[in-house]
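Data block below; observations after.
For ligands, and for the atoms within them, numbers begin at 1 and follow the listed sequence.
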Amino acid sequence: MAQEASDRRIEARFRLRVGNRTLEAAVNLPAESVTVEELLPVLYAFADAYLGAVIAQAEELGQRVSCKAGCGACCAQLVPVSEAEARRLARLLHEMPEPRRSRLRDRFQHLRGKLTAAGLWERLLDTGKLADLDARRRIGMEYFLLGEPCPFLENQSCSIYPDRPMRCREYFVTSPPAHCADPRPETIRMVPLPVKFSEILYCFDDGRGLQSTRWVALSHILEASGGRREHAGPALPAVEMFRNFLVQIATPR
Ligand code: SF4
(Lines give C-alpha, C1' and ligand atoms only; values in the text may rest on other atoms or scores of the structure.)
Protein backbone atom coordinates (compact mmCIF):
# COMPACT_ATOMS: atom_id res chain seq x y z
CA MET A 1 0.00 0.00 0.00
CA ALA A 2 1.56 3.35 -1.08
CA GLN A 3 0.43 6.61 0.43
CA GLU A 4 0.64 10.30 -0.36
CA ALA A 5 -0.39 13.05 2.06
CA SER A 6 -2.09 16.33 1.20
CA ASP A 7 -3.43 18.85 3.74
CA ARG A 8 -5.76 16.76 5.84
CA ARG A 9 -6.21 13.68 3.66
CA ILE A 10 -3.93 10.83 2.66
CA GLU A 11 -4.34 9.00 -0.61
CA ALA A 12 -3.53 5.32 -0.24
CA ARG A 13 -3.02 3.36 -3.44
CA PHE A 14 -2.90 -0.41 -3.48
CA ARG A 15 -3.17 -3.52 -5.62
CA LEU A 16 -5.30 -6.47 -4.68
CA ARG A 17 -5.89 -9.82 -6.37
CA VAL A 18 -9.54 -10.41 -7.25
CA GLY A 19 -9.77 -13.87 -8.83
CA ASN A 20 -7.64 -13.71 -11.98
CA ARG A 21 -7.51 -9.89 -12.01
CA THR A 22 -5.57 -7.27 -10.15
CA LEU A 23 -7.65 -4.46 -8.73
CA GLU A 24 -5.72 -1.20 -8.65
CA ALA A 25 -7.51 1.33 -6.51
CA ALA A 26 -6.98 4.35 -4.32
CA VAL A 27 -8.81 5.49 -1.22
CA ASN A 28 -8.79 8.91 0.33
CA LEU A 29 -8.21 8.63 4.05
CA PRO A 30 -8.45 11.27 6.78
CA ALA A 31 -4.99 12.26 8.08
CA GLU A 32 -6.12 11.98 11.70
CA SER A 33 -7.44 9.25 13.95
CA VAL A 34 -10.96 7.97 13.30
CA THR A 35 -13.45 5.52 14.76
CA VAL A 36 -14.70 2.60 12.66
CA GLU A 37 -17.98 4.46 12.23
CA GLU A 38 -16.10 7.41 10.71
CA LEU A 39 -14.11 5.14 8.41
CA LEU A 40 -17.20 3.36 7.07
CA PRO A 41 -17.67 5.59 3.97
CA VAL A 42 -14.12 4.72 2.89
CA LEU A 43 -14.70 1.01 3.57
CA TYR A 44 -17.95 1.12 1.58
CA ALA A 45 -16.25 2.80 -1.39
CA PHE A 46 -13.47 0.24 -1.25
CA ALA A 47 -15.95 -2.67 -1.02
CA ASP A 48 -17.97 -1.32 -3.96
CA ALA A 49 -14.82 -1.21 -6.12
CA TYR A 50 -13.81 -4.71 -5.07
CA LEU A 51 -17.29 -6.17 -5.54
CA GLY A 52 -17.59 -4.43 -8.91
CA ALA A 53 -14.49 -6.33 -10.03
CA VAL A 54 -15.94 -9.62 -8.72
CA ILE A 55 -19.20 -9.07 -10.59
CA ALA A 56 -17.42 -8.10 -13.83
CA GLN A 57 -15.50 -11.33 -13.63
CA ALA A 58 -18.62 -13.39 -12.88
CA GLU A 59 -20.37 -11.82 -15.89
CA GLU A 60 -17.42 -12.67 -18.12
CA LEU A 61 -17.99 -16.27 -17.07
CA GLY A 62 -21.61 -16.09 -18.17
CA GLN A 63 -23.37 -15.26 -14.89
CA ARG A 64 -25.86 -12.43 -15.07
CA VAL A 65 -26.89 -10.50 -11.98
CA SER A 66 -30.66 -10.15 -11.96
CA CYS A 67 -30.85 -7.46 -9.24
CA LYS A 68 -31.94 -4.10 -10.60
CA ALA A 69 -33.13 -0.71 -9.38
CA GLY A 70 -36.76 -0.75 -8.32
CA CYS A 71 -36.70 -4.37 -7.13
CA GLY A 72 -36.79 -4.48 -3.33
CA ALA A 73 -37.81 -8.12 -3.02
CA CYS A 74 -34.78 -8.93 -0.86
CA CYS A 75 -35.40 -5.96 1.45
CA ALA A 76 -37.81 -7.87 3.68
CA GLN A 77 -34.97 -10.03 4.93
CA LEU A 78 -33.27 -9.91 8.28
CA VAL A 79 -30.21 -7.68 7.68
CA PRO A 80 -27.34 -8.11 10.13
CA VAL A 81 -25.22 -4.96 10.52
CA SER A 82 -22.08 -4.35 12.56
CA GLU A 83 -22.29 -2.28 15.73
CA ALA A 84 -20.48 0.62 14.01
CA GLU A 85 -22.98 0.47 11.14
CA ALA A 86 -25.88 0.42 13.62
CA ARG A 87 -24.54 3.60 15.24
CA ARG A 88 -24.00 5.27 11.86
CA LEU A 89 -27.47 4.40 10.58
CA ALA A 90 -29.08 5.57 13.82
CA ARG A 91 -27.15 8.84 13.58
CA LEU A 92 -28.14 9.22 9.93
CA LEU A 93 -31.78 8.83 10.87
CA HIS A 94 -31.43 11.18 13.83
CA GLU A 95 -29.96 13.89 11.56
CA MET A 96 -32.63 13.60 8.86
CA PRO A 97 -34.89 16.60 8.43
CA GLU A 98 -38.54 16.44 9.41
CA PRO A 99 -40.95 15.02 8.39
CA ARG A 100 -38.74 12.30 6.96
CA ARG A 101 -37.21 11.49 10.36
CA SER A 102 -40.59 10.98 12.02
CA ARG A 103 -41.85 8.94 9.08
CA LEU A 104 -38.88 6.61 9.37
CA ARG A 105 -39.17 6.40 13.16
CA ASP A 106 -42.82 5.40 12.70
CA ARG A 107 -41.78 2.66 10.29
CA PHE A 108 -39.22 1.33 12.78
CA GLN A 109 -41.92 1.36 15.45
CA HIS A 110 -44.32 -0.48 13.16
CA LEU A 111 -41.68 -3.11 12.42
CA ARG A 112 -40.95 -3.49 16.13
CA GLY A 113 -44.65 -4.13 16.77
CA LYS A 114 -44.79 -6.82 14.08
CA LEU A 115 -41.60 -8.50 15.30
CA THR A 116 -42.82 -8.38 18.90
CA ALA A 117 -46.16 -9.94 17.97
CA ALA A 118 -44.32 -12.71 16.12
CA GLY A 119 -42.02 -13.34 19.10
CA LEU A 120 -38.95 -12.28 17.12
CA TRP A 121 -38.12 -8.94 18.74
CA GLU A 122 -36.81 -10.42 22.01
CA ARG A 123 -34.92 -13.19 20.26
CA LEU A 124 -33.09 -10.64 18.12
CA LEU A 125 -32.12 -8.47 21.07
CA ASP A 126 -29.24 -10.77 21.93
CA THR A 127 -27.83 -11.97 18.62
CA GLY A 128 -24.89 -13.56 20.46
CA LYS A 129 -27.27 -16.41 21.28
CA LEU A 130 -27.73 -17.10 17.54
CA ALA A 131 -24.27 -18.57 17.34
CA ASP A 132 -24.88 -21.44 14.94
CA LEU A 133 -25.75 -21.13 11.27
CA ASP A 134 -28.94 -23.22 11.55
CA ALA A 135 -30.35 -20.92 14.26
CA ARG A 136 -29.57 -17.87 12.12
CA ARG A 137 -31.19 -19.47 9.04
CA ARG A 138 -34.31 -20.38 11.00
CA ILE A 139 -34.80 -16.93 12.43
CA GLY A 140 -33.95 -15.40 9.05
CA MET A 141 -36.73 -17.41 7.40
CA GLU A 142 -39.25 -16.56 10.17
CA TYR A 143 -38.37 -12.91 9.75
CA PHE A 144 -38.76 -13.02 5.97
CA LEU A 145 -42.12 -14.79 6.17
CA LEU A 146 -43.51 -11.78 8.06
CA GLY A 147 -43.23 -9.88 4.77
CA GLU A 148 -42.30 -6.64 6.52
CA PRO A 149 -40.05 -4.40 4.41
CA CYS A 150 -36.98 -2.64 5.72
CA PRO A 151 -38.00 0.81 7.04
CA PHE A 152 -35.56 2.39 4.59
CA LEU A 153 -37.31 0.87 1.55
CA GLU A 154 -39.36 3.44 -0.38
CA ASN A 155 -41.08 2.77 -3.71
CA GLN A 156 -39.22 -0.53 -3.89
CA SER A 157 -35.88 1.30 -3.75
CA CYS A 158 -33.37 1.85 -0.98
CA SER A 159 -33.83 5.42 0.29
CA ILE A 160 -30.35 5.43 1.85
CA TYR A 161 -28.59 3.76 -1.08
CA PRO A 162 -25.14 5.47 -0.65
CA ASP A 163 -25.24 4.65 3.07
CA ARG A 164 -26.74 1.16 2.92
CA PRO A 165 -24.96 -1.37 5.13
CA MET A 166 -22.26 -3.71 3.91
CA ARG A 167 -24.53 -6.74 3.93
CA CYS A 168 -26.86 -5.09 1.39
CA ARG A 169 -23.89 -4.21 -0.87
CA GLU A 170 -22.91 -7.88 -1.07
CA TYR A 171 -26.25 -9.23 -2.23
CA PHE A 172 -26.02 -10.25 -5.91
CA VAL A 173 -28.55 -12.75 -7.19
CA THR A 174 -28.24 -14.55 -10.53
CA SER A 175 -31.43 -16.67 -10.23
CA PRO A 176 -34.70 -15.34 -11.75
CA PRO A 177 -36.03 -12.32 -9.79
CA ALA A 178 -39.35 -14.13 -9.21
CA HIS A 179 -37.54 -16.55 -6.90
CA CYS A 180 -36.61 -13.70 -4.56
CA ALA A 181 -40.16 -13.80 -3.21
CA ASP A 182 -39.33 -17.23 -1.78
CA PRO A 183 -35.64 -17.14 -0.91
CA ARG A 184 -34.51 -20.66 -0.07
CA PRO A 185 -31.08 -22.20 -0.65
CA GLU A 186 -32.52 -24.29 -3.51
CA THR A 187 -34.23 -21.34 -5.28
CA ILE A 188 -31.69 -18.53 -4.88
CA ARG A 189 -28.36 -18.51 -6.70
CA MET A 190 -25.88 -15.88 -5.64
CA VAL A 191 -22.55 -14.72 -7.00
CA PRO A 192 -19.97 -16.44 -4.80
CA LEU A 193 -17.85 -13.81 -3.08
CA PRO A 194 -14.21 -14.50 -2.20
CA VAL A 195 -14.59 -12.38 0.90
CA LYS A 196 -17.55 -11.12 2.92
CA PHE A 197 -16.75 -7.60 4.08
CA SER A 198 -19.84 -7.62 6.28
CA GLU A 199 -18.39 -10.51 8.29
CA ILE A 200 -15.12 -8.64 8.72
CA LEU A 201 -17.08 -5.66 10.05
CA TYR A 202 -18.89 -7.82 12.64
CA CYS A 203 -15.47 -8.39 14.25
CA PHE A 204 -14.03 -4.95 13.54
CA ASP A 205 -15.55 -2.59 16.07
CA ASP A 206 -12.13 -2.44 17.75
CA GLY A 207 -10.56 -1.19 14.48
CA ARG A 208 -8.28 -4.22 14.46
CA GLY A 209 -10.51 -7.20 13.72
CA LEU A 210 -9.57 -8.95 16.95
CA GLN A 211 -12.95 -8.95 18.68
CA SER A 212 -15.48 -11.78 18.52
CA THR A 213 -18.39 -11.58 16.05
CA ARG A 214 -21.07 -9.09 17.10
CA TRP A 215 -23.97 -7.94 14.98
CA VAL A 216 -27.24 -6.09 15.30
CA ALA A 217 -30.43 -6.68 13.30
CA LEU A 218 -31.12 -3.60 11.18
CA SER A 219 -34.63 -3.56 12.69
CA HIS A 220 -32.97 -2.96 16.11
CA ILE A 221 -30.50 -0.18 15.29
CA LEU A 222 -32.30 2.54 17.26
CA GLU A 223 -32.41 0.49 20.46
CA ALA A 224 -28.89 -0.94 19.99
CA SER A 225 -27.21 2.40 19.43
CA GLY A 226 -29.42 4.24 21.95
CA GLY A 227 -28.17 1.96 24.70
CA ARG A 228 -24.54 2.44 23.75
CA ARG A 229 -24.26 6.06 22.77
CA GLU A 230 -21.13 6.43 24.85
CA HIS A 231 -19.49 3.48 23.08
CA ALA A 232 -18.07 4.84 19.85
CA GLY A 233 -15.22 2.32 19.69
CA PRO A 234 -11.56 3.24 19.81
CA ALA A 235 -10.05 5.83 17.45
CA LEU A 236 -6.94 4.84 15.50
CA PRO A 237 -5.00 6.62 12.76
CA ALA A 238 -7.13 6.10 9.65
CA VAL A 239 -4.23 4.61 7.65
CA GLU A 240 -3.55 2.07 10.37
CA MET A 241 -7.21 1.13 10.66
CA PHE A 242 -7.60 0.74 6.91
CA ARG A 243 -4.47 -1.43 6.81
CA ASN A 244 -5.96 -3.58 9.59
CA PHE A 245 -9.07 -4.02 7.45
CA LEU A 246 -6.99 -5.12 4.45
CA VAL A 247 -5.19 -7.65 6.66
CA GLN A 248 -8.57 -9.12 7.61
CA ILE A 249 -9.32 -9.80 3.94
CA ALA A 250 -6.40 -12.18 3.81
CA THR A 251 -7.20 -13.73 7.20
CA PRO A 252 -9.09 -17.03 6.96
CA ARG A 253 -12.30 -17.05 9.01
S1 SF4 B 1 -30.92 -0.73 3.85
FE2 SF4 B 1 -31.66 -0.41 1.77
S3 SF4 B 1 -30.84 -2.14 0.56
FE4 SF4 B 1 -30.67 -2.68 2.75
S5 SF4 B 1 -32.54 -3.83 3.23
FE6 SF4 B 1 -32.93 -1.67 3.73
S7 SF4 B 1 -33.88 -0.79 1.88
FE8 SF4 B 1 -32.90 -2.73 1.29
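- R164 contributes a side-chain N or O that, together with a main-chain N or O of Y161, makes up a donor-acceptor pair within less than 3.5 Å.
- Protein atoms of type N, O or S found under 2.8 Å from atom 4 (Fe) of ligand 1 total 1.
- A side-chain hydrogen bond (donor to acceptor under 3.5 Å, both in side chains) check over residues 118-130, counting only residues at least two apart or in different chains, returns the pairs R123-E142.
- Using a 4.0 Å cut-off between charged nitrogen and carboxylate oxygen, R101 and E98 count as a salt-bridge pair.
- Under 4.0 Å is where a charged nitrogen must lie from a carboxylate oxygen, and between E37 and R87 at least one such pair does.
- In this model, a donor atom of one side chain and an acceptor atom of the other lie less than 3.5 Å apart for Y44 and E85.
- Of the N and O atoms on the side chains of R112 and S219, not one donor lies less than 3.5 Å from an acceptor on the other residue.
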